[in-house]
Amino acid sequence: MAMPRTKRLVLYFTLAVLAAVFLVPIYVMLVTSVKSVDEITLDQMWKLPSRLNFSAYHEAYDKLIPNLANSFYLAIPATLLSSLLGSMNGYVLSKWKFRGSDTLFALMLFGMFIPYQSILIPLIQFLQQVQLYNSIPGLILIHVIYGLPICTLMFRNFYAGIPNELLEAAQIDGNGFMGIYRRVIFPLSITGFVVVGIWQFTSVWNEFLFAVSLTSQKHQPIMVALQNLSGSQIVQWNVQMAGALLAALPTLAVYIFLGKFFIRGLLSGSIKG
């Protein structure tokens with residue numbers, strides 16, 4: 001039944017107001033990033049700049065570009081590895097039941113709720129012993145391990161809808177464990193990989209605690225470098241806001257180009273695409 005015109009107008013108006021409230025911080029960031037330093041005051045934060053000044057973007061870019069590269073070196077491998085391993089875990093735990101599999105899955109999920117701060121000191125000691133402390137590979141290892149529970153959970157739920165008869169038919173055709181995964185499960189998992197990949201990439205890109213604790217300035221990702229832009233005495237708010245917008249562009253691009261697949265993967269079944 002169609003919604004009455006009055007209710008529809010009220011709904012659209014409410015959504016527009018909520019969207020405007022949600023976008024207020026972004027407006028302030030954009031306006032501040034193109035102002036000169038002398039125009040940035042509390043009483044002028046809502047005003048448009050007298051003239052556009054992009055020097056803050058140049059300064060932020062020059063300072064953040066090495067750390068931006070570090071973030072890509074970190075986020076892309078960590079996302080790919082955790083997604084692939086989570087896919088295989090989900091495949092095993094949903095379709096190849098074995099004794100204690102449910103207990104193992106519960107223990108993996110329990111790892112999601114362990115606070116990072118509680119394991120930080122032994123984690124540093126471990127990375128020092130394996131000679132991965134203060135390195136991008138060390139951060140990749142940590143994010144892969146911490147990303148496995150949520151990736152496994154998402155893929156396990158994703159694969160639960162695949163009919164067992166499909167796997168049995170593949171077995172009859174002579175496929176084993178890896179053959180079924182490569183020829184049946186993986187081709188059906190593209191939407192699932194998009195969903196998990198977006199989630200994991202965003203989580204790794206925005207993570208701060210491990211990055212600031214386990215790396216020095218040379219290997220720090222962009223989120224730590226963004227914090228360092230604030231300085232110790234005077235904060236250049238235009239540079240800070242420009243840096244925040246530059247740091248957000250990769251994750252924004254991921255959502256723009258893959259957002260429709262993300263929604264489709266959340267709402268559809270595993271073989272509906």
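The analysis underlying the following values was restricted to heavy atoms, covering all of them including side chains, and did not include hydrogens, waters or symmetry mates. Just so you know, these numbers come straight off a predicted model, no measurement behind them.
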Exercise. Does atom CG of Leu18 have more than 12 heavy-atom neighbours from other groups under 6.0 Å away?
Worked result: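 For Leu18, atom CG is crowded (more than 12 foreign heavy atoms under 6.0 Å).
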
For this session: Give a yes or no on this: more than 12 heavy atoms of other residues, nucleotides or ligands lie within 6.0 Å of atom CZ of Phe13.
Result: no

What closest approach, in Å, do [X] and [Y] show between heavy atoms, and which atom pair accounts for it?
X	Y	answer
His219	Ser135	CG-CA, 4.4 Å
Pro25	Val21	CD-O, 3.7 Å
Tyr27	Trp46	OH-O, 2.6 Å
Met45	Val31	O-CG1, 4.3 Å
Gly243	Leu226	C-CD1, 3.4 Å
Leu148	Gly86	CD2-N, 3.7 Å

Using side-chain heavy atoms (C-beta onward) and a distance below 4.5 Å, is [X] in contact with [Y]?
X	Y	answer
Val254	Thr202	no
His143	Ser82	no
Ser118	Ile114	yes
Leu68	Leu246	no
Ile140	Val204	no
Ser87	Tyr181	yes
Leu245	Leu30	yes
Leu166	Leu188	yes

According to a 4.5 Å side-chain heavy-atom criterion applied to Ile, Leu, Val, Met, Phe, Trp and Tyr, with indirect links allowed, do [X] and [Y] form part of one hydrophobic cluster?
X	Y	answer
Val17	Val28	no
Met241	Ile65	yes
Trp96	Ile172	no
Tyr255	Val194	yes
Val37	Trp237	no

What is the distance from atom [atom1] of [X] to atom [atom2] of [Y], rounded to the nearest 0.5 Å?
X	Y	atom1	atom2	result
Ile119	Gln125	CD1	CD	11.5 Å
Ile142	Leu132	CD1	CG	8.5 Å
Asn70	Asn67	CG	CG	5.5 Å
Phe208	Ile222	CZ	CD1	13.0 Å
Gln220	Gln227	CD	CD	10.5 Å
Thr152	Leu109	OG1	CG	8.0 Å

Side chains of [X] and [Y]: donor-acceptor distance under 3.5 Å anywhere?
X	Y	answer
Asn164	Lys95	yes
Ser83	Gln200	no
Ser33	Asn238	no
Asn175	Arg183	yes

For this session: Could you list all the ring-ring contact (aromatic ring centres under 6.0 Å, His included) pairs where at least one residue sits in residues 112-141, not counting sequence neighbours?
Result: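 Passing the test, one end in residues 112-141: Tyr116-Tyr146, Tyr116-Phe210.
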
Exercise. Salt-bridged, Asp102 to Lys97, with N to O below 4.0 Å?
Worked result: yes

For this session: Give the intermediate values and the outcome of side-chain contact (heavy atoms from CB on, under 4.5 Å) for residues Thr251 and Ile198.
Result: CA-CA 8 Å; Thr251 51; Ile198 290 176; over 6 Å; no

I'd like to know if the side chain of [X] and the backbone of [Y] have a donor-acceptor N/O pair within less than 3.5 Å.
X	Y	answer
Lys35	Lys47	yes
Tyr61	Ala56	no
Ser71	Pro221	no
Glu207	Leu209	yes

Exercise. Passes side-chain contact (heavy atoms from CB on, under 4.5 Å), Ile124 versus Ile121? Steps please.
Worked result: CA-CA 5 Å; Ile124 292 174; Ile121 293 177; 5.7 Å; no

For this session: For side-chain contact (heavy atoms from CB on, under 4.5 Å), just list the numbers for Gln240 and Met29, CA-CA rounded to whole Å, side-chain angles, deciding distance to a tenth of an Å, and then say yes or no.
Result: CA-CA 9 Å; Gln240 189 81 2; Met29 290 176 64; over 6 Å; no

Problem set entry | Near-ring test Phe72/Trp205, centroid separation under 6.0 angstrom | yes

Exercise. So, do Phe177 and Tyr91 have ring centers that fall under 6.0 Å from each other?
Worked result: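 Yes; Tyr91 has its ring centre under 6.0 Å from that of Phe177.
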
For this session: Start with the C-alpha gap between Phe54 and Val34, add the side-chain angles, then the distance that decides, and say whether side-chain contact (heavy atoms from CB on, under 4.5 Å) holds.
Result: CA-CA 5 Å; Phe54 294 99; Val34 292; 3.8 Å; yes

